[in-house]
Amino acid sequence: MLRPPDWLKLPEELIANILQRLSSIEILNSASKVCTTWEKISKDPAMWKVIEIPQPVYHWDMDYDIEILVMKAVDLSCGELIDFSIEGGIEIIHLLEYVVKGNFIYV
């Protein structure tokens with residue numbers, strides 16, 4: 001009988017490539033909580049050189065604050081942020097000020 005593959009044995013570069021196909025919100029709110037390996041990879045500043053925030057879909061049971069997640073993503077970039085895009089529905093002025101002023105808390 002075939003055993004299921006051990007996904008944790010994948011090279012970290014491949015896992016990072018897979019995670020980069022998710023939105024920043026999906027990485028922070030879900031993928032980084034899967035296991036310690038994914039959490040470690042999701043904290044790598046290289047993962048946060050580009051931050052893309054899609055149009056938020058609000059649900060009554062949404063258990064996260066999008067603006068806090070955006071600021072966390074900026075912090076995780078550790079000053080390596082090169083591209084930042086955000087779609088409508090989020091108050092962005094103070095988020096842009098946060099990015100420009102470099103209010104980074106290195107995690």
Fill in: Distance, nearest 0.5 Å, that separates CD1 of Ile25 from CD of Glu52
12.0 Å
Discussion item. Go through it in stages, so that I can follow the logic: the residues are Arg21 and Asn17, the test is side chain to side chain contact (heavy atoms under 4.5 Å, CB included), and I'd like the CA-CA distance, side-chain angles, deciding distance and then a yes or no.
Written reply: CA-CA 7 Å; Arg21 296 169 193 274; Asn17 184 286; 2.8 Å; yes
Worksheet entry | For the student: nearest non-hydrogen atoms of Ser77 and Pro45, plus distance | O-CB, 3.7 Å
Worksheet item: Donor-acceptor pair, Trp48 side chain versus Lys43 backbone, under 3.5 Å?
Response: no
Worksheet item: What's the spacing between Met47 CE and Ile15 CD1 if we round to 0.5 Å?
Response: 10.5 Å
Response to the item:
Output for pair (Ile27 CD1, Ile41 CD1), nearest 0.5 Å, gives 11.0 Å
Worksheet item: Of the non-hydrogen atoms in Leu81 and Asp83, which two are nearest, and what is the gap between them?
Response: CD1-O, 3.3 Å
Discussion item. Going by the rule side-chain hydrogen bond (donor to acceptor under 3.5 Å, both in side chains), which residues pair with Glu26 if we only count those two or more places apart in sequence or in a different chain?
Written reply: Ser23
Worksheet, complete the sentence: Here the gap from Ser42 atom OG to Leu22 atom CG, rounded to the nearest 0.5 Å, amounts to 10.5 Å
Fill in: Side-chain heavy atoms of Lys72 within contact of Leu76, under 4.5 Å
yes
Worksheet entry | OG on Ser85 to CD1 on Ile51, rounded to 0.5 Å | 9.5 Å
Response to the item:
To the nearest 0.5 Å, atom OG of Ser30 lies from atom CG of Leu19 at 11.0 Å
